[in-house]
Structure formats: C-alpha cells, structure tokens
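Have a look at the structure below, then the notes.
Just follow the structure's listing: the first ligand is 1, and inside any ligand the first atom is 1. Worth knowing before you read on, the calculation uses all heavy atoms, side chains too, and leaves out hydrogens, waters and symmetry mates. Since the model is a prediction, treat every value here as computed from it, not as a measurement.
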Amino acid sequence: MATRLGIIKEKRKATGILGVLLMLDRTVDRLKATVAVRFEVADCIQLQETVASLTGSGDEGEGNTGPQARWARSKEAIGVVSAVGPGITSIEVGDIVGYVDNPMGSYAEEQIIPADVAIPIPPAMDYKTAASILLKGMTTYVLVLQAFKVQRGHTVLVHAAAGGVGSLLCQWAHALGATVIGTVSTEEKAVQATKDGCRHVIVYTKEDFVARVAEITSGKGVDVVYDAVGRDTFQGSLACLMPRGCMVSYGQSSGRPDPISVSKLTPKSLVLARPGLMHYTTTRDVLLQVAGEVFAAVTAGVLRVRVNHVYPLSEAARAHTDLEARRTCGSIVLVTDS
Ligand SMILES: NC(=O)c1ccc[n+]([C@@H]2O[C@H](COP(=O)([O-])OP(=O)(O)OC[C@H]3O[C@@H](n4cnc5c(N)ncnc54)[C@H](OP(=O)(O)O)[C@@H]3O)[C@@H](O)[C@H]2O)c1
C-alpha cells in the first residue's frame, strides 16, 4: 500500500495551541471523529498577509506584530472519503465531501479532517463547481444576508467585482433587488461584471471611483460597500457611503488598510464591519445550513459559477502568481495531478 500523507491540526482546548502536525499512514483508523479525504479539486483564493509565525487565528489579527509574510491559505477542497475513523456513522467511504476554512492543508493529495467539518456535496454537482462555490459562496451568503442585509432598493458597491467572491457577490446582491455598482481593473473584467448583474461598472484603474459613485448616485452615496481590496480602496470606500451606510471590509488583496480613528465614522454615523466566515459557521448545524443555502442558490440559478481557471496542483505557485498579478477573474481551482 502506498504511503499516504495526512495532516491534522488539533486545537488543544487546554492550551489553545493550534497546530499539532502529524504525517501519518492510515492513522485515521485510530483517530476518533476524523475522516480521510482523497482530494480531487482544491480552491485557490487570494494570499493573505500575516505574521510569519502563526499565532492565534494566524490571520489579520491586530494583535499580531511580527514581520509580514504572504501565505497561501489552502483551506478548501473537495474529494472522496477514503477512510473513516472509529465512531463515525454519518459519513461513509466513497462519499463526496468538501470542507472550508479549517484545517489548513488542502494543497495536498489527501488529508485527514475532523468529521464534523466535512460537508456532503450534492450528487449532481461536479467537483470543480463545488470547489469554486463552497468558501466563496458561503462567504457571499454571509456578506449579503448577515454582515449587512441587502434588500430591494439598496445601492451596493462591490470592489473587484469580477473576482472569485466579487462575481458571486454581484450576482446575489442583484438577485436580492439591489442596484449593483462594480469596480474592476480592465474592460475585459467589466464585461463579466455586467453579465453578473452590475448596472454600473467603474474601471477604477482609469476612473476615480469615488467621483463616479457620487455621479451615479446623484451625490447620495451607497448603502453598503463590499471591499476586499483593502489598502488601495478603503478610504475611498468610506467616502462613497451615504449617512448610516455600512462598510464591509472582508479582504485585503492590495494590503492591509491603514488604521482609522473611530471618529472618522462620526460625520456620517457609519458602520464598519470586518466579517470572517468562520465566525458565522461555528456549529455543524449552521455550517450545513449555510452550505445548503449556497447549493440551493446554484440550483435555482441565482449563482452562476465561473470556473475560469484550472491548474494542476503541481502548478499552485503559478496560480497564485496569476491571482496576485490580477490576471484572473471568477474562480481558480487546482486539480490533483493524476
Ligand atoms: N472574510 C472572509 O471570510 C473571506 C473569505 C474568502 C475570501 N476572502 C477575501 O476575499 C478577497 C477576494 O478573494 P478572491 O479569492 O475572490 O480573490 P479575487 O477577488 O478573485 O482576486 C483578487 C482581485 O482583487 C483585485 N485587486 C485589486 N488590487 C489588487 C492588488 N494590489 N493585488 C491583487 N489583486 C488586487 C483584482 O481585481 P481587479 O483586477 O478587478 O482589481 C484581483 O483580481 C481576498 O482578500 C480574500 O482573502 C475573505
């Protein structure tokens, strides 16, 4: 039998320390509440800036003061269950499952994951669609229905509107009855953003998006900005909001935004939110409910999944280089090398 590599990250409740890293051969047989998954497709998402050593959540926490580094999150994949640990009855060998967020390590051929993070994939959904929709779609659900509730009549500004999350955000906000304004860097991306429901598209590499939003809204401003670009757009995004508007900062593709004083929100009574998917999916029931909402949105045609870029897993570095260079639009997936 070929040796199989499994990666386990255990959170030790007593110490709160993340990251017991084990390289194992069929260890799942001895580990309660785990399943081994042979991955077919991994999702590729934007690199994160963080401290070089993983502390706490390891993400963008302000408490982190170490040197900045770029790192691949590798936190989502779809595959076939190849082994089941003792005591698991709800998942069987051969089931198709996916997971998002934790544990990291999805850029691998096989991984051992806690059974309670395994999400069953609907039989009719292909691997690439599932890998493209799980993290990005669930994030989109949280953004448009929980972090800020988009309603008919709202005007919504979405930065990087042709991106992986951005494309889904525009589609879902449009379906909810909002007027969507999208920003993109190229005319080619503008075409996709229009197809995804943007009534107005601003090519922000050529036009001043703050001035254009003021023009489009007749000076009124927008109800909400969804900003994944971060440093380059953050201040302008605040300027685009109407009084009592909501700034939803959910990513930082151009870098971490500069700190702002709370008093900056005062002149327009603005709300600032910094949501992360993991805090909206803290129990298995909620995780499955949110995933179910996303699968239903795909089935109902609310979300059209754009799997625009497929790379072999061995070329993950090239995928990230292209993503960082803003050469991609829609989703990027990595397929395990056969
Ligand atoms: N909060 C959460 O729970 C959560 C969950 C998932 C993802 N995210 C975050 O959401 C963001 C979007 O992720 P994604 O995978 O869908 O990426 P993406 O939007 O497909 O790619 C990044 C896009 O950002 C834009 N961009 C603007 N300035 C950039 C710069 N200096 N460098 C690179 N890109 C720049 C580019 O679009 P243009 O060329 O059109 O400018 C680029 O295509 C990421 O920051 C990711 O970490 C957050």
Side-chain angles (χ1 to χ4, degrees), residues 42-50 57-61 70-76 100-102 104 106 131-144 146-148 157-172 181-194 196 198 201-207 209 226-234 236-237 247-257 273-282 287 290 294 305-309 316 319-334:
D43 178 45
C44 176
I45 75 160
Q46 188 66 288
L47 295 171
Q48 295 291 293
E49 268 185 6
T50 190
S57 70
D59 210 335
E60 303 88 354
R70 303 285 277 174
W71 60 292
R73 288 165 63 114
S74 68
K75 283 173 141 189
E76 176 182 23
V100 296
D101 222 18
N102 277 316
M104 271 196 286
S106 62
S132 298
I133 200 70
L134 219 48
L135 175 62
K136 294 180 172 81
M138 290 168 76
T139 300
T140 301
Y141 172 84
V142 163
L143 294 176
V144 297
Q146 296 188 326
F148 177 90
L157 175 62
V158 178
H159 288 304
V165 180
S167 160
L168 301 173
L169 251 175
C170 294
Q171 294 179 52
W172 212 325
I181 305 172
T183 64
V184 293
S185 63
T186 65
E187 299 294 345
E188 187 193 1
K189 291 185 178 186
V191 172
Q192 183 190 294
T194 303
D196 284 344
C198 290
V201 183
I202 302 168
V203 181
Y204 56 179
T205 43
K206 294 184 185 157
E207 302 171 276
F209 76 85
Y226 290 109
D227 191 339
V229 173
R231 185 181 298 144
D232 291 353
T233 49
F234 190 87
S237 296
M247 167 77 175
V248 182
S249 167
Y250 72 96
Q252 45 201 32
S253 300
S254 66
R256 192 182 286 183
R274 205 324 179 178
L277 176 63
M278 71 184 116
H279 299 120
Y280 290 80
T281 50
T282 47
L287 178 76
V290 174
V294 173
V305 186
R306 297 187 177 279
V307 191
N308 289 346
H309 311 272
H320 278 278
T321 303
D322 289 348
L323 181 61
E324 218 170 324
R326 303 166 76 165
R327 283 193 284 267
T328 65
C329 57
S331 289
I332 307 165
V333 295
L334 307 170

For Asp322 and Thr328, does a side-chain donor sit closer than 3.5 Å to a side-chain acceptor?
no
Enumerate the atoms of ligand 1 whose separation from the nearest heavy atom of Tyr204 is less than 4.0 angstrom.
27 (C), 38 (P), 40 (O), 41 (O)
Would you say Arg326 and ligand 1 have an N/O pair spaced under 3.5 Å apart?
yes
Thr183 to ligand 1: N or O pair under 3.5 Å?
no
What is the ring orientation for Tyr204 with His159, classed by angle as parallel under 30°, tilted 30 to 60°, or perpendicular over 60°?
parallel
Any N/O pair Ser254/ligand 1 closer than 3.5 Å
no
Is there at least one pair of N or O atoms, one from Gly251 and one from ligand 1, spaced under 3.5 Å apart?
no
So, does Pro275 sit close enough to ligand 1 that a heavy atom of it is under 4.0 Å from the ligand?
yes
Decide whether the shortest distance between a heavy atom of His159 and an atom of ligand 1 is less than 4.0 Å.
no
Determine whether Val142 and Tyr250 make a side-chain contact, defined as any pair of heavy atoms from C-beta on separated by less than 4.5 Å.
no
Just distances here: any N/O of Lys136 and N/O of ligand 1 closer than 3.5 Å?
no
Using a 4.0 Å heavy-atom cut-off, which part of Leu277 comes near ligand 1: side chain, backbone, both, or neither?
both
Gly164 to ligand 1: N or O pair under 3.5 Å?
yes
For Glu324, the ligand 1 atoms with a heavy-atom partner under 4.0 Å come out as 32 (N), 33 (C)
Is the closest N or O pair between Val165 and ligand 1 shorter than 3.5 Å?
yes
Any non-hydrogen atom of Gly276 lying under 4.0 Å from ligand 1?
yes
